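Encoded as structure tokens, the structure appears first; notes follow it.
Each ligand, and each atom within it, is numbered from 1 in the order the structure gives. Nothing here was measured: the structure is a model prediction, and the numbers come from that model.
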Amino acid sequence: MEYKAYLIKYAEIGLKGKNRHLFEDALVRQMHFALDPVGEFNIRKESGRVFAESEEAYDYEETVEALSHVFGISGICPIVVSEGKEMDEMARVLCDYVAEEYEGETFSFKVFCRRGDKSYPMTSMEVAAELGGRVLDAFPHLSVDVHEPEVSLTVEIREKVYIYSKEIPGPGGMPVGTNGNAMLLLSGGIDSPVAGYMIAKRGVKIDAVYFHAPPYTSERAKQKVIDLAKQVAVYAGPISLYVVNFTDIQMAIYQKCPKDELTIIMRRYMMYIAEYFAKKRGALALVTGESLGQVASQTIQSLYVTDDAATMPVFRPCIGMDKNEIIEISEKIGTFETSVLPYEDCCTIFVAKHPVTKPRLDVIKKSEKKLADVIDGLMEEALNSAEMIKIHAH
Ligand code: ATP
Ligand code: MG
């Protein structure tokens with residue numbers, strides 16, 4: 001069956017006063033990002049619902065797929081619309097809908113009516129009973145079951161009349177843009193795209209920073225991160241990706257600091273730089289893909305020393321997850337295949353054979369003093385030479 005309209009349900013928990021507007025406006029904006037590649041939709045709010053309508057019927061699967069990436073949506077209902085509210089007109093549209101959507105099927109049903117338009121001359125119960133009778137007359141092979149119907153035919157009388165019986169679950173979460181901004185440290189690995197997805201799901205708008213180390217990391221490694229950012233943008237909306245040339249800073253650390261402290265010191269400089277771009281974008285938190293105990297730099301001691309370099313909160317949504325749980329999400333959101341492409345990463349190139357797993361902050365800070373004469377200049381150079389790439393999902 002072809003559809004030209006969708007009713008979007010969202011969870012209303014905690015939505016009061018001004019928050020409701022912010023939530024709905026963000027939802028509409030994100031729906032536009034998702035639906036623009038599918039076709040031209042008119043998206044509008046109407047008393048606790050959002051509708052997406054189009055002049056022509058676009059591909060159903062494609063439309064539902066696009067909407068299923070919009071956080072904040074709890075249910076997607078393909079609907080048919082009756083312009084007229086008279087009983088005969090509603091009954092005609094409803095029967096056409098049943099004939100087409102359930103052609104050749106036998107089932108029990110119930111008509112369920114909701115009136116947004118309280119001036120309607122019949123009660124919801126009366127409308128439901130009358131329409132139920134009409135459906136039964138038109139399709140005598142069907143049966144009514146008001147307790148456990150196989151199909152609930154829902155008729156919502158609002159500005160117009162909306163008819164539906166199917167609800168495809170949405171992704172849940174909150175619309176991106178309702179919960180501030182954060183800066184994601186996005187590598188080419190499996191974990192950080194998942195971390196970005198998870199934070200975006202809580203309504204946070206994300207931008208990203210990638211530390212590139214040419215010529216040790218190739219253009220292909222950079223392209224891989226751009227591709228990952230595009231995939232995350234399917235859910236998170238447009239992302240500003242800062243590509244920071246990290247080579248000189250890494251080289252300086254490599255030459256001047258103890259080899260076993262290289263990773264941890266490098267991670268601290270990543271934090272300083274990420275925070276600089278975070279402030280530039282009005283972000284109030286950093287996001288990484290770290291998971292406790294996964295590698296040497298992800299012990300509790302290492303995370304403590306890393307966090308000391310940041311003044312903003314650092315969100316690590318993967319912190320308590322096993323690798324296979326993170327992989328499961330990366331497969332679901334479509335980043336896994338890209339993440340496992342075998343391109344070099346700036347961290348793996350300079351990594352020591354036996355990195356410290358329990359760094360001490362005072363020791364690390366002392367080692368960092370060895371960078372004193374060069375680091376300010378190198379940092380300035382890295383910040384000023386960063387490239388910003390605007391990433392769109394499509
Ligand atoms: P990932 O799979 O996300 O790369 P990982 O398990 O490989 O994570 P690390 O390489 O230790 O772990 O990196 C930990 C986190 O630090 C990453 O999740 C990411 O947030 C950040 N990070 C690491 N390398 C980079 C990089 N080159 N650019 C930006 N962020 C990075
Ligand atoms: Mg990595």
Would you say His212 touches ligand 1, if touching means a heavy atom closer than 4.0 Å? no
Tell me whether Lys366 is salt-bridged to Asp362, with the criterion being a basic N under 4.0 Å from an acidic carboxylate O. no
Closest to atom 21 (C) of ligand 1 (judged by heavy-atom distance), picking from Gln298, Glu290, Arg267: Arg267
Under 3.5 Å: N/O of Phe211 near N/O of ligand 1: yes
Ligand 1 N/O within reach of Gly188 N/O, cut-off under 3.5 Å: no
Separation between CD of Glu261 and CZ of Arg268, rounded to the nearest 0.5 Å: 10.5 Å
Do you know the tightest heavy-atom contact between Leu228 and Ser187? CD1-O, 3.7 Å
Any N or O of Gly289 closer than 3.5 Å to N or O of ligand 1: yes
Main-chain N/O of Met90 paired to Lys85 side chain as donor or acceptor, under 3.5 Å: no
So the atoms of ligand 1 within less than 4.0 Å of a heavy atom of Thr288 turn out to be 20 (O)
Are Phe109 and Val93 grouped together when hydrophobic residues (ILVMFWY) are joined by side-chain heavy atoms under 4.5 angstrom apart? yes
So is there a nitrogen or oxygen of Val209 less than 3.5 Å from a nitrogen or oxygen in ligand 1? no
